[in-house]
Amino acid sequence: MIKISFPDGAQREYASGTTSSEIAKSISEGLARNVLSASVNGQVWDISRPIAEDATIRFHTWNDPEGKATFWHSSAHLLAEAVEALFPGTKFGIGPAIENGFYYDIDLGDRVLSSDDFGKIEDKMKELARQKNAYIRSEISKADAIAYFKDKDDEYKLELLEGLNDGEITFYQQGGFTDLCRGPHIPNTSSIKAVKVLSVAGAYWRGDETRKQMTRLYGITFPKQKELTAYLEMLEEAKKRDHRKIGAELEIFMFSEKVGAGLPIWLPKGTALRSRLEDFLKQEQIKRGYQPVITPHIGKKELYVTSGHYEKYGEDSFQPIHTPREGEEFLLKPMNCPHHCEIYGHRPHSYKELPIRIAEFGTVYRYEQSGELHGLTRVRGFTQDDAHIFCMPDQLKEEFLDVLDLTTYVLKKFGFEDVTAQISLRDPDNKEKYIGSEENWNKAERAIIEATQEVGLDTVTELGEAAFYGPKLDFIVRDALGRKWQLGTIQVDYNLPERFELEYIGADNQPHRPVMIHRAPFGSMERFMGVLIEHCAGKFPLWLTPDQMAILPISDKHIPFAKSVKSQLAQHDIRGYIDDRTESIGRKIRDTELKKIPFMLIVGDKEAESQKISIRKQGEGDQGSMTIVEFVEYFNNLL
RNA sequence: GCCGGCAUAGCUCAGCUGGCCAGAGCAGCUGAUUUGUAAUCAGCGGGUCGGGGGUUCGAAUCCCUCUGCCGGCUCCA
């Protein structure tokens with residue numbers, strides 16, 4: 001007999017060799033029907049795999065990430081089976097589950113797949129799924145595995161096999177398709193009811209741009225058709241909210257082929273939005289002791305040689321600008337920190353002055369590969385809500401905690417309630433990529449970990465994601481559609497102060513080296529605006545939106561009353577405009593609705609006579625009439 | 001940068017396999033209408049079919065190239 005422990009602490013005894021499926025069944029038929037995989041002693045297993053020893057067990061269904069991953073990974077195999085059936089001779093790379101669905105990298109030889117082929121592949125997948133083929137696990141010797149794929153002439157699988165040890169190789173087979181795979185898989189194909197091939201794109205074999213580009217097919221599957229429909233609706237909604245579309249419609253920003261790719265141009269409405277964003281943060285920062293500065297958009301090459309950025313990014317940057325006579329070399333400012341280090345270093349500092357917090361909405365320019373550019377979220381010129389805090393080592397934690405507090409405060413202000421953070425540390429196997437001493441790195445990494453634990457921030461840790469000069473904490477928000485976006489960042493840096501030989505005079509009258517914190521709660525104004533547009537679908541918070549209301553006169557003769565309403569509201573800091581076109585009221589309402597202006601104030605004979613205004617709320621319709629005083633109060637309560 | 005796709009009026013799009021002066025709706029302009037909660041009516045103007053080169057008797061349509069955009073990959077101080 002073996003002893004099985006459950007997550008709730010319960011224990012039960014089963015015969016040795018019992019499977020997770022049988023254990024689930026012993027608990028309830030319903031569970032047995034829904035379980036897709038199970039963690040056995042922390043490893044995700046097929047539920048048909050016999051358990052030979054005492055174990056802890058956790059069942060995975062569609063409702064948890066491991067269950068979905070198992071389902072989608074099995075779907076990737078189904079996709080591969082369909083592709084092999086339709087296009088014999090296809091070679092296969094890897095086919096993992098991803099956050100939403102799965103993909104499979106395939107090599108079709110000279111054949112080019114297009115979206116026209118998706119329907120055919122989907123039909124084949126559904127046909128194969130209905131056959132209720134079991135996913136059969138088998139352990140295989142390395143020699144046999146190699147022989148199998150040599151016979152198939154699949155160099156990709158052979159290369160994968162090179163990295164595996166004899167004795168740990170498993171195959172999975174369903175229907176006519178056999179794959180090298182660690183597993184686990186769902187019991188059989190029949191639970192895959194809804195299938196969609198989403199897109200096709202090129203992807204380098206093993207992510208290496210020097211290697212062959214394969215065809216990557218993305219797909220998603222669900223146990224129920226209804227869930228697929230809902231997912232596709234969500235994708236539609238995301239398309240509607242695309243900040244590139246809304247940004248153009250609401251005249252927030254534009255791009256110009258002549259100005260250049262990746263160089264956003266802020267239009268008046270967008271500038272109004274951005275200025276409010278900046279003012280909000282500026283005020284909050286002044287409360288917290290930040291000192292605003294302004295630095296130039298270019299700097300001498302030596303500045304970036306000193307900072308180490310030139311060595312690290314020089315080749316991959318916009319190349320230096322040369323002065324015509326003197327032959328000096330300037331770089332477009334790719335970050336603000338070297339300038340701020342110079343500000344710190346321009347005169348001696350006493351420990352009594354620290355921390356010194358230097359803030360700047362600094363516009364920076366970075367070369368991004370042309371294929372990387374994407375709306376406002378990936379650009380070549382952008383403005384960071386940057387600041388650098390210079391402090392003593394024993395002030396680091398307190399400063400870090402204040403920045404954490406500021407960042408979460410800022411994100412919440414914009415309705416991002418679901419905030420997590422990623423701690424990016426060094427790659428332990430590749431430490432030569434980074435500059436600075438082991439001791440300083442350890443200190444910096446520890447500071448981040450401790451501070452996030454202290455405030456109870458939900459974090460994930462990624463090795464190898466640190467900046468070259470220090471570890472990072474990146475904030476990740478989930479928007480209204482549940483999509484993740486990386487926004488603000490905090491970085492601890494012992495290295496730049498050293499490179500710029502920054503000092504302060506301590507209580508002991510000796511020079512000491514300050515620690516530096518880089519931080520940007522929004523990240524960049526461009527990216528933040530892009531994410532905010534998608535989050536709120538262009539319906540900005542009332543305090544932020546460029547026009548809070550539009551006054552719609554019923555006819556031209558009501559314009560004088562409209563003007564008086566406008567000026568009265570302006571006295572209460574309610575901003576907007578009068579739609580004085582000679583158009584029907586229906587037309588004015590429609591146009592205002594489409595511009596997503598929060599309030600429409602309709603004024604005609606009735607209103608002029610009673611000195612009231614009729615209120616219509618965007619997306620909600622007529623709200624009845626009220627006096628201006630009543631409206632101001634109502635409005636202010638919504639701010 | 002790489003793979004694949006796309007580029008026709010300010011916007012959304014039609015124009016099949018090369019062949020009558022390149023079209024529509026919306027927007028714009030002009031005029032009429034003075035309007036009560038999501039489009040008043042009529043008329044008019046507007047495109048070197050992304051740029052350049054080529055094939056052809058003839059190119060928006062085929063080929064090459066550049067630019068930009070889209071989906072990915074790689075990259076992201």
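These numbers were taken from a predicted model, which means no experiment stands behind them. Each chain gets a letter, A, B and so on, in the order the sequences are listed, and its residues count up from 1.
Under the 6.0 Å distance and 45° angle rule, A/Arg216 counts as a cation-pi partner of A/Tyr103.
Phosphate proximity of B/rC76 to A/Arg366: absent, as no side-chain N or O sits under 4.0 Å from OP1 or OP2. Distances shown here put a side-chain N or O of A/Arg244 below 4.0 Å from the OP1 or OP2 atom of B/rC70. Distances shown here put a side-chain N or O of A/Ser370 below 4.0 Å from the OP1 or OP2 atom of B/rG1. Proximity of A/Lys472 to the phosphate of B/rA77: a side-chain N or O atom is located under 4.0 Å from OP1 or OP2. Here A/Tyr204 does not reach the OP1 or OP2 of B/rU74: none of its side-chain N or O atoms lies under 4.0 Å away. Considering only side-chain N and O atoms, A/His374 lies under 4.0 angstrom from the phosphate OP1 or OP2 of B/rG71. Remark: A/Thr582 is not in phosphate contact with B/rU34, judged by side-chain N or O atoms under 4.0 Å from OP1 or OP2. Distances shorter than 4.0 Å separate none of the side-chain N or O atoms of A/Lys212 from OP1 or OP2 on B/rC2.
Shown for residues 601-623 of chain A: residues whose heavy atoms fall under 4.0 angstrom of RNA chain B, namely A/Ile602, A/Gly604, A/Asp605, A/Lys606, A/Glu607, A/Ser614, A/Arg616, A/Asp622.
Base pairing of B/rG4: its partner is B/rC70, meeting the Watson-Crick or G-U wobble criterion (both donor-acceptor distances under 3.5 Å). B/rA27 is unpaired under the criterion used here, namely a Watson-Crick or G-U wobble arrangement in which both key atom distances are under 3.5 Å.
Side-chain N/O atoms of A/Arg590 and base N/O atoms of B/rA39 include a donor-acceptor pair closer than 3.5 Å. Judged by atom type and distance alone, A/Glu583 does not reach the base of B/rU35 through any side-chain donor-acceptor pair under 3.5 Å. With hydrogens and angles ignored, a donor-acceptor pair closer than 3.5 Å exists between the side chain of A/Glu372 and the base of B/rC73. A donor-acceptor contact under 3.5 Å links the side chain of A/Arg378 to the base of B/rC76.
Atom-to-atom, CG of A/Leu235 to P of B/rG71 comes out at 13 Å; the value is rounded to the nearest Å.
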- Take A/His388 and A/Asn336 through the test side chain to side chain donor-acceptor pair (under 3.5 Å) and record every step on the way to the result. CA-CA 9 Å; A/His388 296 94; A/Asn336 304 298; over 6 Å; no

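Among the atoms of the strands shown, none is found under 4.0 Å from any heavy atom of A/Phe255.
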